[in-house]
Amino acid sequence: MTQAITGQTRVVGVWGHPVGHSRSPVMHNAALAALGLDWVYAAFDVPPARLAEAVMGVRGLGLVGVNVTVPLKELLPPLLDTLSDEARRIGAVNTIVNQDGVLHGDSTDGGGFLRALAEAGGPGLAGRRALLLGAGGSARAVAFALAGQGCEIVVANRTAHKAHALADAVNGCFGGRASAAGWGEDAGRVDLVVNATSLGLSPHPDAMPILPPRLFDARPFVYDLIYNPAETRLLQAAREAGCPVSSGLGMLAWQGALSLSLWTGRPLSEMPIAAMLRAISPGLGERPAPYIPK
Ligand code: NAP
């Protein structure tokens with residue numbers, strides 16, 4: 001942070017539990033400095049049992065807004081005044097915007113993923129087919145984002161019933177675009193593979209999802225939501241098989257830029273994405289993991 005805190009300084013931040021690992025403060029404070037805003041972005045460890053009190057604090061203290069991460073995203077919707085269509089659809093909020101005391105919940109994960117995928121040179125999505133590995137919170141955001149672009153999705157998850165539930169939820173919104181496949185079972189030819197599991201996340205970089213046979217034969221684009229380590233074993237295997245690949249660093253930056261755009265009311269094109277990426281790139285693989293895979 002380069003600016004001094006003054007009597008005018010306003011506060012934004014991130015809540016999680018734990019939250020000490022988060023790169024959001026360094027990323028957002030770099031962005032705030034680049035925008036010349038007299039705001040500061042701080043991390044708050046909020047246990048789920050304290051979430052309702054924390055929400056009241058946003059109004060009481062006049063915070064600009066808040067990012068929310070694991071395990072609070074799915075607990076927030078009933079505590080807020082209004083929700084975006086996106087947040088309502090996926091049943092999770094990663095961004096609270098304080099609109100003069102009216103607390104609005106949004107989710108920028110899906111939009112951040114789509115933008116990052118496009119920036120990384122990912123395939124066009126309408127009429128294409130994707131294999132989505134995982135059925136947790138981030139997989140849900142990715143699934144709705146892909147289906148919303150006209151992409152057909154096959155969801156595969158270790159716990160099969162969650163894959164079926166996610167496919168059903170997507171079909172409830174975007175009829176017929178999603179199906180479920182067994183974990184490691186043949187999913188047919190796909191144009192895109194997205195890893196939304198925590199397999200491969202530091203400090204367990206040797207882990208990787210069980211892949212369907214011949215998955216890389218058609219050279220799909222492989223996007224891993226994990227950004228620590230910068231190259232997971234999945235990405236390494238895909239790259240060695242000749243597939244274009246990307247880590248999740250861009251998604252982290254773009255979901256943050258979308259949140260910042262909501263808080264400032266300024267267009268996404270004005271968000272300092274290069275400064276944000278620069279701030280979060282160093283030291284990958286050297287920090288404690290966000291959370292430990294089961
Ligand atoms: P989550 O809700 O806890 O979901 C975890 C997913 O990983 C579930 O599908 C779970 O399967 C699967 N999984 C965990 N351990 C496994 C194992 N040993 N074998 C097979 N599957 C396993 O977590 P999340 O919030 O969706 O996050 C998932 C990943 O995305 C994390 O690595 C996180 O760092 C990353 N992420 C990145 C960004 C970004 O901006 N780049 C944003 C959000 C998340 P079960 O259902 O069978 O348990």
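Counting convention: from 1, in listed order, for ligands and their atoms alike. Nothing fancy with the numbering, it's 1 onward along the sequence. Just the heavy atoms: all of them, side chains too, but no hydrogens, waters or symmetry mates, feed the values below.
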Taking only non-hydrogen atoms of Y227 and a 4.0 Å limit, the atoms of ligand 1 in range are 41 (N)
| message | Test side chain to side chain donor-acceptor pair (under 3.5 Å) on T232 and N195; report intermediate values, then the result. | response | CA-CA 10 Å; T232 56; N195 178 34; 5.7 Å; no
The residue among R233, E240, R239 that forms side chain to side chain donor-acceptor pair (under 3.5 Å) with Q236 is E240
ask   = What about S138: any of its N or O atoms under 3.5 Å from an N or O on ligand 1?
value = yes
(request) Consider ligand 1: state whether an atom of it lies below 4.0 angstrom from any non-hydrogen atom of I226. (result) yes
Mind checking whether T159 has an N or O less than 3.5 Å away from an N or O of ligand 1?
yes
Between K73 and D109, does any side-chain N to carboxylate O distance fall below 4.0 Å?
yes
- Message: Considering both backbone and side-chain atoms of L225, is one of its nitrogen or oxygen atoms within less than 3.5 Å of a nitrogen or oxygen in ligand 1?
- Response: yes
Salt-bridge present (E152, R129; N to O < 4.0 Å):
yes
*asked:* For the 3.5 Å polar cut-off, considering only N or O atoms, please tell me whether L249 and ligand 1 meet it.
replied: no
Among A196, G112, G136, the residue with a heavy atom nearest to atom 28 (C) of ligand 1 is A196
Note to self: Any nitrogen or oxygen of D109, side chain or backbone, less than 3.5 Å from one on ligand 1?
What the structure shows: no
- Query: Is there a heavy atom in W183 that sits closer than 4.0 Å to ligand 1?
  - Reply: yes
For the pair Y223 and F113, name the ring-plane relationship: parallel under 30°, tilted 30 to 60°, perpendicular over 60°. perpendicular
Item to complete: Taking the six-membered ring of W254 (Phe, Tyr or Trp), confirm whether the NZ or CZ of R115 is under 6.0 Å from its centre and within 45° of its axis.
Response: yes
Check: In terms of side-chain geometry, is the basic nitrogen of D106 or R88 positioned less than 4.0 Å from the acidic oxygen of its partner?
Finding: no
Judging by distance only, is a nitrogen or oxygen of R158 under 3.5 angstrom from one on ligand 1? yes
Ligand 1 atoms nearer than 4.0 angstrom to some heavy atom of K162 are 46 (O), 48 (O)
From the list T82, D81, N98, side chain to side chain donor-acceptor pair (under 3.5 Å) with H104 holds only for T82
**Request:** Consider every N or O of L201 and every N or O of ligand 1, then say whether any pair is closer than 3.5 Å.
**Result:** no
- prompt: Is E74 salt-bridged to R140, going by a charged N under 4.0 Å from an acidic O?
  reply: no
Logged contact type for T197 with ligand 1, heavy-atom cut-off 4.0 Å, is both
| said: Does H28 form a side-chain contact (heavy atoms from CB on, under 4.5 Å) with L260? I'd like the steps, not just the answer. | reply: CA-CA 8 Å; H28 277 284; L260 198 51; 4.3 Å; yes
Numbered in order shown, the ligand 1 atoms found under 4.0 Å of a heavy atom of A135 are 9 (O)
- prompt: Has ligand 1 got any nitrogen or oxygen that is less than 3.5 angstrom from a nitrogen or oxygen of G134?
  reply: no
